[in-house]
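Down below is the structure, laid out as structure tokens.
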Amino acid sequence: QVQLSESGGGLVQAGGSLRLSCTISGRTFNYYQIGWFRQATGKEREFVASISRGGGTTEYDDSVKGRFTISRDNGRRTTYLQMNNLDPEDTAVYYCAIRRTISSAPLSRQEGAYEAWGQGTQVTVSA
């Protein structure tokens, strides 16, 4: 059974940085695309970023483009979300998710495309 475990959240001032990690156990890591999503209080969960199986293709929501970077280390079975120049609007619980695909499959921004999720890690950005 696959397990996803996020870490790296916390409290940071506006303009600061955090790096989230998501480690995945139980399945062959490089069969999966990885997505990061977030959910702010009172709002629906939204797409943040995704990365292909090999790491060569990435996609970002416009709200984070240029500030956030998604990456993966297949040897460590871990994906990262480097978040720079954080804004209070980035405050949310951040989730990683996996999606098993063929190697050439396009990335997806849809929650329903992902088959397993972590428990989430809280990111709070103060003004």
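Fair warning: this is a prediction, and the values are worked out from it, not measured in the lab. One is the number of the first residue; the rest follow in order along the sequence. The figures that follow rest on heavy atoms only: side chains count, while hydrogens, waters and symmetry mates do not.
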[atom2] on [Y] to [atom1] on [X], rounded to 0.5 Å:
{"X": "Arg38", "Y": "Phe47", "atom1": "CZ", "atom2": "CZ", "answer": "11.0 Å"}
{"X": "Thr58", "Y": "Leu107", "atom1": "OG1", "atom2": "CG", "answer": "7.5 Å"}
{"X": "Gln33", "Y": "Ile51", "atom1": "CD", "atom2": "CD1", "answer": "10.0 Å"}
{"X": "Ile98", "Y": "Tyr31", "atom1": "CD1", "atom2": "OH", "answer": "13.0 Å"}

Shortest non-hydrogen contact from [X] to [Y]?
{"X": "Pro106", "Y": "Arg99", "value": "O-NH1, 3.0 Å"}
{"X": "Asn84", "Y": "Ser17", "value": "OD1-OG, 2.9 Å"}
{"X": "Pro88", "Y": "Ala14", "value": "CD-CB, 4.0 Å"}
{"X": "Ile34", "Y": "Phe29", "value": "CD1-CE1, 4.1 Å"}

Tell me, please, which residues at least two apart from [X] pass side chain to side chain donor-acceptor pair (under 3.5 Å).
{"X": "Asn85", "result": "none"}
{"X": "Lys65", "result": "Asp62"}
{"X": "Arg100", "result": "none"}
{"X": "Arg72", "result": "Asn74"}

If you group Ile, Leu, Val, Met, Phe, Trp and Tyr by side-chain heavy-atom gaps below 4.5 Å, do Tyr80 and Ile70 land in one group?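 Result: no, two separate clusters.
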hydrophobic_cluster_shared for Leu81 and Val93, side chain cutoff 4.5 Å: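 Different hydrophobic clusters.
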Can you list every pair that meets disulfide (SG to SG under 2.5 Å) and has a residue in residues 74-127, with sequence neighbours left out?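 Qualifying pairs, neighbours excluded: Cys22-Cys96.
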Scan for disulfide (SG to SG under 2.5 Å) pairs involving residues 36-83, sequence neighbours excluded, and state none if there are none.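 Non-adjacent pairs meeting disulfide (SG to SG under 2.5 Å): zero.
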Distance-only, no hydrogens or angles: does the Arg53 side chain make a donor-acceptor pair with backbone N or O of Thr101 under 3.5 Å?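 Yes, the answer is positive, given that a donor and an acceptor are paired below the 3.5 Å cut-off.
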Heavy-atom donor-acceptor pair, Arg77 side chain to Thr23 backbone, under 3.5 Å: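 No: the side chain of Arg77 does not pair with the backbone of Thr23.
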Would you say [X] and [Y] make side-chain contact, with heavy atoms under 4.5 Å?
{"X": "Asp61", "Y": "Glu46", "value": "no"}
{"X": "Phe68", "Y": "Val48", "value": "yes"}
{"X": "Tyr95", "Y": "Leu4", "value": "no"}
{"X": "Met83", "Y": "Leu20", "value": "yes"}

If the condition is ring pair (Phe, Tyr, Trp, His ring centres under 6.0 Å), which residues does Tyr114 pass it with, not counting sequence neighbours?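 Phe37.
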Test of understanding: with salt bridge (Lys or Arg N to Asp or Glu O under 4.0 Å), list the residues that count as partners of [X], not counting sequence neighbours.
{"X": "Glu59", "value": "Arg109"}
{"X": "Asp87", "value": "none"}
{"X": "Arg67", "value": "Asp90"}

Just wondering, are more than 12 heavy atoms of other shown residues or ligands nearer than 6.0 Å to CD in Gln82?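 Enclosed: over 12 neighbouring heavy atoms sit under 6.0 Å from CD of Gln82.
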Strictly by salt bridge (charged side-chain N to carboxylate O under 4.0 Å, His left out), give each pair with a member in residues 111-127 just once, sequence neighbours left out.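 Salt bridge (charged side-chain N to carboxylate O under 4.0 Å, His left out) check on residues 111-127 returns Arg45-Glu111.
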Quick test of your reading: applying side chain to side chain donor-acceptor pair (under 3.5 Å), list the pairs with at least one residue in residues 118-127, sequence neighbours left out, ordered by first then second residue.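 Every side chain to side chain donor-acceptor pair (under 3.5 Å) pair that includes a residue of residues 118-127, provided the two are not neighbours, is Gln122-Thr124.
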